[in-house]
Amino acid sequence: MKKNPKQLAAITALIAIAGLLIAYVISAFTAAPGESESRFMALLFGIIAIPLLIWILLFCIGRMQNKHTIAEFFPENQKEEAPPQRENK
């Protein structure tokens, strides 16, 4: 089954987030008291940063291809989708 770049980016992000969550749980049990804070902050940053970077990547890919993507806040073709209004006289 052939996958497009958007699907590959999403799958890679999910695998990375799952790996970070597993590392987060393992770190909770194995970290020494002095190093646990910095380890947790680094893992938390990664868990938050990966989805943001993937969103930015998907947004840029959509803009370069002039296509509507799920990453857009305001689609450009929003006015075209609205049904025409009748004028009452």
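The residues of the chain are indexed from 1 along the displayed sequence. Fair warning: this is a prediction, and the values are worked out from it, not measured in the lab.
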Considering all heavy atoms of both residues, which atom of L20 and which atom of G46 are nearest to each other, and what is their separation? CD1-C, 3.5 Å
Can you name the closest pair of heavy atoms from A13 and I54 and give their distance?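 Scanning both residues, the minimum pair turns out to be CB-CG1, 3.4 Å.
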Check which hydrophobic residues are tied to I48 through side-chain heavy-atom contacts below 4.5 Å, counting indirect links as well, and list them. L44, L52
Using 0.5 Å steps for rounding, measure from the CD1 atom of I50 to the CD1 atom of I15.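 CD1 of I15 is found 11.0 Å from CD1 of I50.
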Drop me the distance from T12's OG1 to I17's CD1, to the nearest 0.5 angstrom.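 Reported value, rounded in 0.5 Å steps: 11.0 Å.
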Does F45 have any ring-ring contact (aromatic ring centres under 6.0 Å, His included) partners at least two apart in sequence or in another chain, and if so, which? none
Might you confirm whether atom CD of Q65 has over 12 heavy atoms from other residues, nucleotides or ligands at distances under 6.0 Å? yes
Do the side chains of W55 and L53 join up, straight or via other hydrophobic residues, at under 4.5 Å, putting them in one cluster? no
Indicate if I26 and L21 have the same hydrophobic cluster label, given that clusters are the connected sets of ILVMFWY residues with side-chain heavy-atom separations under 4.5 angstrom. no
Could you note down all residue pairs passing side chain to side chain donor-acceptor pair (under 3.5 Å) where residues 39-48 supplies at least one of them, sequence neighbours left out? E35-R39
